Amino acid sequence: MKTLYLISGTMGVGKTAVGQQLKKELPNSVFLDGDWCWDANPFLVTEETKTMVLNNICYLLNNFLHCSAYENIIFCWVMHEQSIIDGIVSRLDIGNCRIKKISLLIDEENLRRRLGADIENGIRTTDVIARSVARLPMYQVLDTLKIDTSNKSVREIVNEVKAF
């Protein structure tokens with residue numbers, strides 16, 4: 001039986017780092033960061049582009065689910081509303097698959113510190129802090145396992161995900 005890990009969280013919480021480490025530790029695994037399906041310049045958020053990115057994500061995840069080489073499929077993205085998670089899952093062929101839905105949480109102080117470091121390194125722009133902080137409460141109400149990443153290493157977080 002395959003396992004699909006759906007990892008949600010606000011920007012800067014550590015989704016990509018955790019997903020990449022899980023890929024290394026879980027047998028026969030593949031990792032998809034939803035941002036890779038929407039890496040454009042300019043980055044436009046319209047009904048057309050939102051539909052396109054969801055089509056891209058579901059297409060790739062279904063291909064991974066159908067591929068006999070993969071036992072563990074790891075997907076991360078900013079899924080701050082239950083409807084996003086449910087919409088993706090409803091379009092997947094999950095007949096022979098268990099789904100582990102996880103939200104990575106963080107306190108505001110640690111989030112500001114992490115994003116500030118990314119801004120200093122030119123990875124993110126300053127507007128990301130307000131958007132990320134505003135979304136923090138949204139993850140509390142999702143139907144997911146909650147893992148607090150504040151003051152934890154990637155190793156500690158991955159161990160919690162694997163124990164789920």
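In what follows, every heavy atom counts, from backbone to side chain, and hydrogens, waters and symmetry copies are set aside. This one's a predicted model, so the numbers in the text were calculated from it and none came from an experiment.
- For Arg91 and Asn62, the side-chain atoms include no donor-acceptor pair closer than 3.5 Å.
- The main-chain N or O of Ile129 is never found under 3.5 Å from a side-chain atom of Ser132 such that the two would form a donor-acceptor pair.
- No donor-acceptor pair under 3.5 Å is formed between the side chain of Arg124 and the backbone N or O of Leu115.
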Intermediate values then yes/no, side chain to side chain contact (heavy atoms under 4.5 Å, CB included), Leu22 and Val161: CA-CA 9 Å; Leu22 279 169; Val161 170; 3.6 Å; yes
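- For the atom pair Tyr59 OH and Asn55 CG, the distance stands at 11.5 Å (nearest 0.5 Å).
- Using a 4.5 Å cut-off on side-chain heavy atoms (C-beta onward), Leu105 and Thr149 make no contact.
- Distance check, rounded to the nearest 0.5 Å: CD1 of Ile99 to OG1 of Thr3 gives 10.0 Å.
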Side chain to side chain contact (heavy atoms under 4.5 Å, CB included) between Lys162 and Leu26, intermediate numbers included: CA-CA 9 Å; Lys162 288 169 54 177; Leu26 296 173; 4.2 Å; yes
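- Checked for salt-bridge contact, Glu109 and Arg113 miss the test: no charged N lies under 4.0 Å from a carboxylate O.
- For Ile123, the side chain to side chain contact (heavy atoms under 4.5 Å, CB included) partners two or more places apart in sequence, or in a different chain, are Asp118, Asn121.
- You'll find the side chain of Trp77 reaches within 4.5 Å of the side chain of Asp35, heavy atoms only.
- Side-chain atoms of Ser8 and Leu104, non-hydrogen and from C-beta on, never get closer than 4.5 Å to each other.
- With hydrogens and angles ignored, the 3.5 Å screen pairs no side-chain donor or acceptor of Lys24 with any backbone N or O of Gln20.
- In this structure, Leu65 and Cys97 approach most closely via the heavy-atom pair CD2-SG, 3.8 Å.
- The backbone N or O of Cys67 sits less than 3.5 Å from a side-chain atom of Lys2, completing a donor-acceptor pair.
- In this structure the side chain of Lys146 reaches within 4.5 angstrom of the side chain of Thr144, judged on heavy atoms.
- Across all their heavy atoms, Leu92 and Cys58 have their closest contact at CD2-O, 3.9 Å.
- In this structure, the side chains of Glu160 and Ile102 stay at 4.5 Å or more apart for every pair of heavy atoms.
- No donor-acceptor pair closer than 3.5 Å links the side chain of Gln21 to the backbone N or O of Val18.
- The one candidate from Val13, Ile147, Asp148 that meets the side-chain contact (heavy atoms from CB on, under 4.5 Å) condition with Ile157 is Ile147.
- Atom CG of Leu6 and atom CG of Leu145 lie 12.5 Å apart (nearest 0.5 Å).
- Taking the side chain as every heavy atom from C-beta outward, Cys37 and Leu32 approach each other to under 4.5 Å.
- Val128 is listed as a side-chain neighbour of Arg131, based on a closest heavy-atom distance under 4.5 Å.
- Leu4 is not listed as a side-chain neighbour of Lys100, based on a closest heavy-atom distance of 4.5 Å or more.
- Taking the ring axis of Phe31 as reference, the NZ or CZ atom of Lys23 does not stay both within 45° of it and closer than 6.0 Å to the ring centre.
- Rounded to the nearest 0.5 Å, atoms CD (Glu25) and CG (Asn72) are 11.5 Å apart.
- Remark: side-chain polar atoms of Asn28 are not paired, donor with acceptor, to backbone N or O of Glu71 under 3.5 angstrom.
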Check against side chain to side chain contact (heavy atoms under 4.5 Å, CB included), Lys101 and Met79: CA-CA 11 Å; Lys101 301 173 192 173; Met79 296 178 280; over 6 Å; no
Thr10/Arg135 under side-chain hydrogen bond (donor to acceptor under 3.5 Å, both in side chains): CA gap, chis, key distance, verdict: CA-CA 7 Å; Thr10 196; Arg135 286 187 175 159; 5.7 Å; no
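- Cluster membership for Ile57 and Val45, using ILVMFWY side-chain heavy atoms within less than 4.5 angstrom, is shared.
- With sequence neighbours left out, the ring-ring contact (aromatic ring centres under 6.0 Å, His included) criterion links Tyr139 to no other residue.
- The distance from the CG atom of Asp107 to the CG atom of Leu136 is 8.5 Å, given to the nearest 0.5 Å.
- Annotation: the span from Thr51 atom OG1 to Glu47 atom CD amounts to 6.0 Å, rounded to 0.5 Å.
- Closest of all the heavy-atom pairs between Gln82 and Leu142 is N-CD2, 3.3 Å.
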Side chain to side chain contact (heavy atoms under 4.5 Å, CB included) evaluation trace for Ile73 with Tyr5: CA-CA 6 Å; Ile73 298 98; Tyr5 294 82; over 6 Å; no
